[in-house]
Amino acid sequence: MARIFVTRALPGPALSRLEDAHETTVWQHQLPPSYEQLRAHAAQADALLTLLTDRVDAQLLAAAPRLRVIANYAVGYDNIDVGAASARGIAVGNTPDALTDATADLTFALLMASARRITEAAAFAREGRWQTWEPAGFLGADVHGATLGIIGLGRIGQAVARRAAGFGMEVLTTETRDQHNLEHLLRRSDFISIHLPLTAGTRGLIGTQALSLMKPTAILVNTARGAIVDRDALARALHTGQLAGAALDVTDPEPLPPDDPLWSAPNLLVVPHIGSATWSARERMTEMAVDNILAGLAGTPLPYQVPA
Ligand code: GLV
Ligand code: GLV
């Protein structure tokens, strides 16, 4: 029997497959274990099932001599030092595909909510301020026929592009940090949506310079990772009207502190990192993470292994 530490209770029945086969400890709190608590559990564990809120760095790995597999409950794995893990022969897995469509759906929900001022209008109605049908009330931007710039054309970026086709949008894409293509996209797009992993090369990619290229009527959507956008630069661009709006599922840090200048920015919509939050996506992610752990403990290749 191997020892498994799972850093949170997860949706769906699949965790029982770990509990049936191994000595499995599930962190039963609403908030994640602290770094020290995680390190103490990792020190005893053969396998870790982690969340994107768990930092697994080289120091923690060095204190985990038995560890053979880490299954991250996310498609992104910027919280894990994959290089340090592979140097120690520890396999790292993630949960791709399961959340592609859910995240693309949320991207469109944010895009449309921002374009059509849904949260503002809903609050107005609920607060009893709705007095009559107003010819110039809550005017927003057209989504149909607009130009959508997709930065990052992986699984989720492509799923967003498919949705955009249904809205008759013109889609511009940039695959990598092709500077020329990126600048063209930033200048031309009415909506800009980020679908990149967070890496050293994408951190801060959307900063003062990139924001200055966007149309003043443009809306930025981020369902990838908060740190890809420079939040101070974004707050300035919104405050000065250089950018019409932003809709964020991810921030840096998470949660965004209550005194962050972004909160006072106009036309900002923030939701608490819910891109994959559908029943089916989250249950499927549990199955995939469990499959990764069981394969890693059996010494076979992980079905969903991240590139080393
Ligand atoms: C969520 O952000 C994920 O990476 O799955
Ligand atoms: C709006 O409700 C319309 O009928 O145009």
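Remember, it's 1-based here, ligands and their atoms both numbered in the order they're listed.
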Enquirer: With heavy atoms of His273 as the reference, note each atom of ligand 1 found under 4.0 Å away.
Expert: 1 (C), 2 (O)

Enquirer: Looking at ligand 1, does any of its N/O atoms fall within less than 3.5 Å of an N/O of Ser276?
Expert: no

Enquirer: Near Leu52, which atoms of ligand 1 are under 4.0 Å from a heavy atom of that residue?
Expert: 1 (C), 2 (O)

Enquirer: Establish, for the pair Arg116 and Phe138, whether the NZ or CZ atom is under 6.0 angstrom from the six-membered ring centre and no further than 45 degrees off its axis.
Expert: no

Enquirer: Any side-chain hydrogen bond (donor to acceptor under 3.5 Å, both in side chains) involving residues 298-308? Give me the pairs, sequence neighbours left out, ordered by first then second residue.
Expert: Arg284-Tyr304

Enquirer: Going by the order shown, which atoms of ligand 1 are within less than 4.0 Å of some heavy atom of Ala74?
Expert: 3 (C), 4 (O), 5 (O)

Enquirer: Any side-chain donor paired with an acceptor under 3.5 Å for Asp54 and Tyr35?
Expert: no

Enquirer: For residues 220-276, which residue pairs pass the ring pair (Phe, Tyr, Trp, His ring centres under 6.0 Å) check, not counting sequence neighbours?
Expert: none

Enquirer: Which atoms of ligand 1 have any heavy atom of Arg225 under 4.0 Å away?
Expert: 1 (C), 2 (O), 3 (C), 4 (O)

Enquirer: So if I count the atoms of ligand 1 from 1 in the order they appear, which ones are less than 4.0 Å from some heavy atom of Leu99?
Expert: 5 (O)

Enquirer: Using the six-membered ring wherever Trp is involved, compare the ring planes of Trp27 and His41 and label them parallel, tilted or perpendicular (cut-offs 30° and 60°).
Expert: perpendicular

Enquirer: Flag the pair Leu18 / Val26 as yes when at least one side-chain heavy-atom distance between them is below 4.5 Å, and no otherwise.
Expert: no

Enquirer: Tell me whether Tyr73 has any N or O atom under 3.5 angstrom from an N or O of ligand 1.
Expert: no

Enquirer: Examine Gly76 against ligand 1 and note whether any of their N/O atoms are separated by less than 3.5 Å.
Expert: yes

Enquirer: Examine distances only and state if a side-chain atom of His195 and a backbone atom of Ile151 form a donor-acceptor pair shorter than 3.5 Å.
Expert: no

Enquirer: Looking only at protein heavy atoms, which one is nearest to atom 5 (O) of ligand 1, and how far off is it?
Expert: Val75 N, 2.7 Å

